[in-house]
Amino acid sequence: MEKIVSLCKRRGFIYPGSEIYGGLANTYDYGPMGTELLRNIKNLWWKYFVQKRSDMVGLDASLISHHKIWEASGHVAGFADAMIDCKNCKARMRADHLIENFIETNADVIARSTTIVGDEAISKKILSAVSKSKVEGLSVEELSLLVEKLKIPCPNCEKRNWTPVRKFNLLFPVQLGIVEGEGGMGYLRGETAQGIFINFRNVVDSTRVRLPFGIAQMGKSFRNEITPGNSVFRTIEFEQGEIEYFFDPDNASWNELFEKWKNTMWDFVTRELRVMATNLRWRVHTNEERSFYSERTEDLEYKFPFGFKELWGLAYRTNYDLTQHMNISKKDLTITDPHTGKKILPHVIEPAVGINRLLLMVLVDAYTEEEKRVVLKLHPRIAPYKVAVFPLLANKENLVEKAKEIYDDLKEHFMVVLDDRGNIGKRYLAQDEIGTPWCVTVDFDSLEDDMVTVRDRNTTQQERVPIKNLSNYFHNKLDS
Ligand code: GAP
């Protein structure tokens with residue numbers, strides 16, 4: 001992970017946020033390479049899930065939203081992490097992460113935890129959580145008990161001097177205008193999903209959608225997360241790609257739709273992003289961690305260097321959200337079946353992914369160390385630059401001129417870079433590290449035969465290609 005983080009900084013993918021002022025925890029900025037990569041992933045997601053499907057439409061809702069949305073959705077009351085503070089070094093962390101990491105790295109902990117005494121039902125619940133390394137669903141009292149009984153030390157200072165575990169709401173409130181108090185209060189959205197639910201009526205009334213159909217949204221969400229490290233895996237500001245797929249439960253089987261969505265998500269990751277299937281797995285949420293309104297939730301997990309972690313969640317949320325918004329806003333959110341006249345409050349299947357996690361995953365998956373080079377074997381479709389154009393020598397005017405002509409032509413079609421720094425070997429290494437799939441070199445022969453050398457990033461093999469065929473040549477490669 002350290003190597004990837006260092007490459008990301010060195011080559012302009014990801015920088016720590018607010019760096020020149022000492023940094024701001026859990027924020028990151030995307031450099032020129034990261035911006036292109038992020039944009040390519042977003043475009044691919046949109047094309048796959050919206051453009052290429054006749055049953056999907058898009059939405060772009062406001063980031064700042066009415067406080068009642070988040071009261072209705074349950075976020076104001078329940079969207080909270082259990083936090084714990086070390087009284088000695090003042091480090092603040094998520095209690096679930098502290099305990100789960102401790103369990104994972106201390107094999108004898110399960111044996112030790114049998115000594116937890118007290119109420120039998122609580123003890124049973126705690127033991128079951130420990131054996132699964134998943135403490136979601138435990139109360140703050142139960143988490144405090146675990147920290148105490150397992151004698152968990154602070155990962156920062158190694159002392160055992162903890163505050164009790166307590167809840168910390170993740171929503172960012174914003175005070176709007178000059179109205180004081182609740183009336184002027186909004187929230188930065190904690191998920192893009194709510195924007196979809198509250199616009200459900202608008203979309204149905206203003207478009208020709210028919211059940212089953214999906215509304216997709218991609219954009220920033222905000223959560224006051226307190227988590228250490230792991231680059232852009234978990235940040236306070238992040239990009240989500242969410243779909244609410246609405247259906248009438250009397251006319252469609254949610255189980256079948258759920259399976260279909262599982263296949264679609266898998267297909268996107270393995271075929272569109274070309275991530276290795278061996279690094280992916282499904283994990284079914286336990287009863288304790290699943291939201292009370294969800295009938296089934298599964299996570300598609302990726303094997304990051306810090307373990308298998310959630311990449312993409314898939315949940316059957318029933319019609320919980322529409323019901324809540326209908327009850328609290330007092331607006332009718334049902335739709336009428338045009339054939340039977342039946343009023344329907346649709347149910348939803350929700351695939352929800354973090355685009356920044358997709359980005360981190362493709363970087364991890366593509367990072368390859370070979371004997372003489374580090375190469376990012378990104379799929380050409382998402383690589384920041386598709387082609388780098390080099391004049392063999394930077395001080396030969398006619399070579400530079402020809403290279404510039406090729407660059408000017410190709411940049412109409414693809415993201416291309418012109419590079420004349422250092423020697424050819426160094427230029428190849430630099431392009432390999434940012435994942436540029438093809439390098440074009442203009443040499444002295446090019447001035448005679450109007451052909452250039454194209455070098456393939458993965459194989460390092462080279463072939464001569466006529467300059468006039470270059471853009472077709474790359475188009476064909478990108479389409480294959
Ligand atoms: N609407 C459902 C929802 O938001 P979630 O599991 O909280 O569900 C969905 O989030 C996805 O968003 C996650 O699978 C993850 O990829 C991404 N995500 C969530 N919190 C994140 C954070 N703090 N930083 C980066 N990505 C995050």
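We count ligands from 1, going down the list as the structure has it; atoms in each ligand are counted the same way. For reference, positions follow the sequence shown, starting with 1.
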Visitor: Considering only the protein, which heavy-atom contact is closest to atom 24 (N) of ligand 1, and what is its distance?
Guide: Thr235 N, 3.0 Å

Visitor: Give me the nearest non-hydrogen protein atom to atom 15 (C) of ligand 1 as residue plus atom name, then the distance to 0.1 Å.
Guide: Arg357 NH1, 3.3 Å

Visitor: Please work out, at 4.0 Å between heavy atoms, whether the side chain, the backbone, both, or neither of Ile236 comes within that distance of ligand 1.
Guide: neither

Visitor: Determine whether more than 12 heavy atoms belonging to other residues, nucleotides or ligands lie under 6.0 Å from atom CD of Glu370.
Guide: yes

Visitor: When you measure from atom 1 (N) of ligand 1 to every protein heavy atom, which one gives the shortest distance, and what is it?
Guide: Glu242 OE2, 2.4 Å

Visitor: Give the single entry among Met361, Glu310, Arg317 that approaches atom 13 (C) of ligand 1 most closely by any heavy atom.
Guide: Glu310

Visitor: Looking at Lys47, I want to see if its NZ is surrounded by more than 12 non-hydrogen atoms of other residues, nucleotides or ligands under 6.0 Å.
Guide: no

Visitor: Quick one: does any side-chain atom of Arg92 pair with a main-chain N or O of Asp85 as donor and acceptor, under 3.5 Å?
Guide: no

Visitor: Under 6.0 Å between ring centres, would you say that holds for Tyr15 and Tyr28?
Guide: no

Visitor: Judged by modelled atom types alone, do Asn255 and Tyr316 share a side-chain donor-acceptor pair under 3.5 Å?
Guide: no

Visitor: Run the numbers for me: atoms of ligand 1, each under 4.0 Å from some heavy atom of Gly313, listed by number.
Guide: 14 (O)

Visitor: Below the 3.5 angstrom mark, is there an N/O of Gly354, backbone or side chain, next to an N/O of ligand 1?
Guide: yes

Visitor: I need the nearest protein heavy-atom contact for atom 11 (C) of ligand 1: residue, atom name and distance, please.
Guide: Ala352 O, 3.5 Å

Visitor: Just need the protein heavy atom nearest to atom 12 (O) of ligand 1, so name the residue and atom and give the distance.
Guide: Gln240 NE2, 3.3 Å

Visitor: Please report whether ligand 1 has a polar contact with Ala193, defined as an N or O pair separated by less than 3.5 Å (distance criterion only).
Guide: no

Visitor: Go through ligand 1 atom by atom and flag the ones less than 4.0 Å from a non-hydrogen atom of Phe233.
Guide: 24 (N), 25 (C), 26 (N)

Visitor: At a 4.0 Å threshold, what atoms of ligand 1 neighbour a non-hydrogen atom of Leu311?
Guide: 14 (O), 15 (C), 16 (O)

Visitor: Tell me, yes or no, whether the heavy-atom count around Lys3 atom NZ, taken from other residues, nucleotides or ligands under 6.0 Å, exceeds 12.
Guide: no

Visitor: Just which atoms of ligand 1 are under 4.0 Å from any heavy atom in Glu350?
Guide: 1 (N), 2 (C)

Visitor: Are more than 12 heavy atoms, taken from residues, nucleotides or ligands other than Lys377, located less than 6.0 Å from that residue's NZ atom?
Guide: yes

Visitor: Using a strict 4.0 Å cut-off to heavy atoms of Glu225, name the atoms of ligand 1 that fall inside it.
Guide: 20 (N), 22 (C), 23 (N)

Visitor: Strictly by modelled atom types, are His325 and Gln194 linked by a side-chain donor-acceptor pair under 3.5 Å?
Guide: yes

Visitor: Within a 6.0 Å radius of atom NZ on Lys262, are there more than 12 heavy atoms belonging to other residues, nucleotides or ligands?
Guide: yes

Visitor: For Asn356 and ligand 1, answer yes if some heavy atom of the residue is under 4.0 Å from a ligand atom, otherwise no.
Guide: no

Visitor: For atom 18 (N) of ligand 1, what is the closest protein heavy atom, and at what distance to 0.1 Å?
Guide: Phe238 CE1, 3.5 Å

Visitor: Kindly identify the option in Glu239, Arg234, Arg223 whose heavy atom sits closest to atom 20 (N) of ligand 1.
Guide: Arg223

Visitor: How about Arg39: does its CZ atom have over 12 heavy atoms from other parts shown lying under 6.0 Å from it?
Guide: no

Visitor: Decide whether Ser221 and Gln240 meet the rule of one side-chain donor and one side-chain acceptor closer than 3.5 Å.
Guide: yes

